[in-house]
Number of protein chains: 2
Amino acid sequence: MGITKTDSYTDQTLALASIFKALGHPARIAILAYIAKQTACICGDIVAELPLSQASISRHLAELKEAGLIKGTISGTSVCYCIDETQLPLLETFIHQIKQLQNQTCCA
Amino acid sequence: MGITKTDSYTDQTLALASIFKALGHPARIAILAYIAKQTACICGDIVAELPLSQASISRHLAELKEAGLIKGTISGTSVCYCIDETQLPLLETFIHQIKQLQNQTCCA
DNA sequence: ATTATTCATCGTAATATTGCGATATAGAAG
DNA sequence: CTTCTATATCGCAATATTACGATGAATAAT
């Protein structure tokens, strides 16, 4: 069947797109890489590491959090952000499927 | 060292972000999935499959192409679009690294 | 209690994306 | 040459994103 003109995108398509969208900005890639790299989970040091204001970093963190890619824990006056792995398999599965489904003889 | 306020993002970060950005729209996810699914590589049937105008589809295809995720081959008056796998390993590597670097004891 | 620190949110300006109709381009068919 | 078919591109309007200063909220320190 596939997608027709009358129905919209599937939930899965929408979910994938929103996760990819969250990764579609260099600041958020850098933030994610930074958080993953730290042995102890770091909060506002990101502000010191990236060329963005505290307000902008906070916004990017909120977007990553909303996409389920990180989670934040309040500890005193600061917030500790960590990787949330739960969404990553979705991306891996999608990429795998694309690779596997691809027809090798296409456009030969 | 990491990223400081004075230098911008690394080339790798920018490259990753632009690929993810290209995937950050449901129409482009659907297009990619559709192209991958076809046994013969299909061109403008996508227009019939998605709830978007021909102009919009063409725009999305151009973005996927610019991100290196698909490639188009002209055959007569139509264009045959196919998956270009070359960028996918970058995404896989990034996701793997995030998973591996992540500190399990973070935010315990 | 006052002040400092850390982070989130608001308001706003600048910029980018999205979608579509109209139009252009290029090859196929007649 | 004219016409049809398949795509791409232009121009425009609507919407979304991004960034930042200013401000708010909450805890820590004095």
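These figures come from a predicted structure and were not determined experimentally. In what follows, every chain begins at residue 1, and chains take the letters A, B, ... in the order their sequences are listed.
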Tell me: CD1 of A:Ile74 to C1' of C:dT6, nearest whole Å?
11 Å

Roughly, in whole Å, what's the span from CG in A:Leu52 to P in C:dA8?
15 Å

Which atom pair, heavy atoms only, marks the closest approach of [X] to [Y]?
X	Y	result
B:Phe94	B:Leu16	CD1-CD1, 3.4 Å
A:Ala36	B:Ile98	CB-CD1, 3.9 Å
B:Lys99	A:Leu88	CG-CD1, 3.4 Å

For DNA chain D, whose closest nucleotide is more 5', that of A:Ser75 or that of A:Gly24?
A:Gly24

So, is A:His60 close to the D:dA19 phosphate, meaning a side-chain N or O under 4.0 Å from OP1 or OP2?
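Indeed, a polar side-chain atom of A:His60 lies that close.
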
Under the rule for side chain to side chain contact (heavy atoms under 4.5 Å, CB included), what residues qualify as partners of B:Ala27, not counting sequence neighbours?
A:Tyr9, B:His25, B:Leu52, B:His60

Side chain to side chain contact (heavy atoms under 4.5 Å, CB included) with B:Ser58: which residues, sequence neighbours excluded?
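Side chain to side chain contact (heavy atoms under 4.5 Å, CB included) check on B:Ser58 returns B:Gln54.
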
Per-nt protein contacts along nucleotides 5-17 of chain D (heavy atom under 4.0 Å; B base, S backbone sugar-phosphate only, - none) come out as BSBBB-------S

Separation of B:Ile29 CD1 from A:Phe20 CZ (nearest 0.5 Å):
5.0 Å

